[in-house]
Amino acid sequence: MAPFLLSQSMALLSLPLLVLCFLISVLVVVDASRSSFSSSASASTDVVTSLPGFTGPLPTRMWSGLVESLPGMHSHYILAECTAPPCATIAWFQGGPGASSMYGMFVEFGPLVFKGSDVKLNVNPYSWTHLANTLVIDSPPPVGFSYCDPAGPSGNGTSCGPWDDASTASVNDAALRAWAKRHPQHAANGLIIAGESYAGVYVPTLVKRLVENVHDPPPFKVLGAAVGDPCAPPAVCGVGNAPLFHVLFAHGHGQMSYKNFEAIMNACGGLSGLARLDAPSRFDGCGDALKRADVDAGKVYPYAEYDDCNHAGDPFRRRRSLLSEASEPRQWFLRRPSIVPLEEQPPPPPPFHAYPGGVASGGAPCGSLRALGAWLAEAETKTALNVPATSNFFECDNGGGFNYTLSEKNVLAIWSDLVQRMPVLVYNGDTDPGLNFYVTQNWTSKGIAGIVEREAWRPWTVDGNHRLGGFVTRYASEGAGRFDFATIHGSGHMVPAFKPVQALALFEQWMSNAFKRYAP
Ligand SMILES: *[C@@H]1O[C@H](CO)[C@@H](O)[C@H](O)[C@H]1NC(C)=O
Ligand SMILES: *[C@@H]1O[C@H](CO)[C@@H](O)[C@H](O)[C@H]1NC(C)=O
Ligand SMILES: *[C@@H]1O[C@H](CO)[C@@H](O)[C@H](O)[C@H]1NC(C)=O
């Protein structure tokens, strides 16, 4: 095991905003029966004693249960305690909108993860519980096992009404407060709010709400914020993207001949022309050159360039070509609401499998998502996770199946404020074709106010020796915060799933404010 794992609590102490202790109200433990799920639940009724698909004692203490977040709304959480408590808590929100955070806990960074299509949990040597307590919340209800009255746990995608970014931030705010009441001793060490993809909207809107509420501050300190491969309107998600970064990505990842690249540059007005959303209509021949290159580039899995799994049948995950889509304004979020009645939804995709000899990016085997889905459908899993037997596990990645409206128009303005107050990390896998690192590099370097570059783009290493993790650009803010943009070399969209070693190292190094260099 890597030596840095031994010094986690030291690392945490160097977070400048850590408050060692503060007043918390005394928890009154109600010894309730397990048959009642919300009103009389307590930390002790939420204990997870074992999990189907895993034999033997759990590697860390875990809790799972439902907290009443907003009136009539029940948010499902899972907490896995760090291996050397006390620790801060990383509170994770999956993207989507509508993706379940169970993926984070049971595929990406939790203590037990699926590693392929076998419905079997494996100890994760790179669990983030080596650094912090990890908390996942399924949001907004009815995502995952979260639900709303009166439809109850078996309700469908519309049973909690429509959502937008503001109402999602408010239910997550309430869910965290309710969780902190149930787990005051964990909440006392502070929270790092984190997430991936569409959580690039969830996280900053939630953190802003929490830290700006001076009249009713949350019962925990917000220590920092981190987002991976994030949406960041207006720079990315919600509006179309100019062709530039997709062209650079396809060219830079061996999907385009130099001849094609030159033809596009010449037809589309060079770098500055390609940076315009209207490049295909503005420059004669530009649209045709892009279309030609798009055919030549073939199709990739939009979450991981080098993934070799077969995702046919899943509309969001099958291989597609990104260039032509990128060059048209992609209004897929603005097209919401997209409510597909359950009975009209396409049948579940066939199990993912590798092409003969194929593996997902970074060597992760294919099929974890399917294994997770099968596991969550089992009655024993619901019992083990302390959710009602009638619970409908609802997932609607990319917003399909419920009514979600992108309402936050400017996340960059929120980041500009938050980087003054706390450490902020934005990271991106550099083989994620969709939300690619060129896009993220651009808005992080040009779109955030009040920061100055204190360390230009440089490699960071996993081990302080010769093992490359990725590249980091470090910024100081005028206030008490700081800001880092890091890439993870060779990682697709879901970084902890594709590059678990590097993801753990990245968080450890960010939390200890020291990105390791190459040994001379
Ligand atoms: C979705 O919610 C909005 C309100 O946020 C509402 O105006 C609209 O009618 C809803 N759409 C559907 C299909 O229910
Ligand atoms: C969801 O359930 C409600 C009743 O609770 C029903 O009216 C509605 O048609 C259902 N919607 C879908 C998409 O199945
Ligand atoms: C790069 O980022 C800046 C600041 O957010 C933005 O104005 C510009 O449009 C971005 N460039 C591209 C090509 O998206």
Side-chain angles (χ1 to χ4, degrees), residues 70 97-98 140-142 148 151 155-171 200-201 204 227 230-252 264-265 268-280 282-283 286 290 322-323 325-331 333-345 396 399-417 419 426 428 434-451 453 457 473 475 483 485:
L70 295 176
C148 290
N156 65 30
T158 56
S159 60
C160 297
W163 288 101
D164 63 18
D165 299 325
S167 56
T168 299
S170 91
V171 75
V201 179
V227 288
C231 283
V236 60
C237 299
V239 292
N241 293 125
L244 174 62
F245 299 134
H246 290 282
V247 168
L248 291 178
F249 187 91
H251 181 238
I264 290 176
M265 293 301 263
C268 300
L271 286 176
S272 59
L274 274 172
R276 300 180 58 115
L277 197 56
D278 62 358
R282 188 180 162 87
F283 300 100
C286 174
L290 284 168
L322 290 164
L323 221 51
E325 288 189 41
S327 57
E328 295 152 14
R330 275 188 70 202
Q331 303 265 329
F333 282 108
L334 299 183
R335 273 206 314 266
R336 303 291 169 228
S338 69
I339 298 189
V340 185
L342 289 182
E343 58 276 16
E344 286 173 27
Q345 282 180 23
C396 51
F402 76 159
N403 187 349
Y404 196 101
T405 306
L406 184 150
S407 55
E408 179 52 63
K409 297 286 186 282
N410 195 347
V411 165
L412 305 193
I414 303 178
W415 284 129
S416 299
D417 175 46
V419 295
V426 173
N428 216 106
L435 279 159
N436 77 42
F437 77 103
Y438 288 108
V439 175
T440 308
Q441 188 187 160
N442 182 58
W443 70 257
T444 53
S445 65
K446 294 182 194 151
I448 298 182
I451 52 173
E453 187 180 290
W457 171 284
T473 309
Y475 300 87
F483 178 64
F485 167 63

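Order of listing sets the numbers, starting from 1, for every ligand and every atom in it. In this text, all values refer to a predicted model and were calculated from it rather than measured experimentally.
Protein non-hydrogen atoms do reach within 4.0 Å of atom 14 (O) of ligand 3. Using a 4.0 Å threshold on non-hydrogen atoms, atom 9 (O) of ligand 3 does not count as touching the protein.
Annotation: Trp443 places no N or O atom under 3.5 Å from an N or O atom of ligand 3; distance criterion only. Close N/O approach between Asn403 and ligand 1 is found [any backbone or side-chain N/O within under 3.5 Å].
Residue contacts with ligand 3 for Ala235 are absent, since no atom lies close enough (heavy atoms, distance under 4.0 Å).
Nearest to atom 4 (C) of ligand 1 by heavy-atom distance, out of Gly161, Pro162, Ser407, is Pro162.
Not one N or O on the side chain of Trp443 forms a donor-acceptor pair closer than 3.5 Å with the backbone of Pro233. A donor-acceptor contact shorter than 3.5 Å links the side chain of Ser445 to the backbone of Gln441. Between the side chain of Asn403 and the backbone N or O of Trp163, no donor-acceptor pair lies under 3.5 Å. The closest donor-acceptor contact from the side chain of Asp165 to the backbone of Glu408 lies under 3.5 Å.
Taking every heavy atom of Phe245 and a limit of under 4.0 angstrom, the matching atoms of ligand 3 come to 12 (C), 13 (C), 14 (O). Interface of Ala275 with ligand 3, defined as ligand atoms under 4.0 Å from a residue heavy atom, comprises 13 (C).
Taken from SG in Cys268 to CG in Leu290, the straight-line distance is 4.5 Å, to the nearest 0.5 Å. Of the inter-residue distances, the one linking Thr440 atom OG1 with Phe485 atom CZ reads 5.5 Å to the nearest 0.5 angstrom. Atom SG of residue Cys286 and atom CG of residue Leu274 lie 6.0 Å apart, to the nearest 0.5 angstrom.
Protein heavy atom closest to atom 2 (O) of ligand 3, with residue, atom name and distance, is Asn442 ND2, 2.3 Å.
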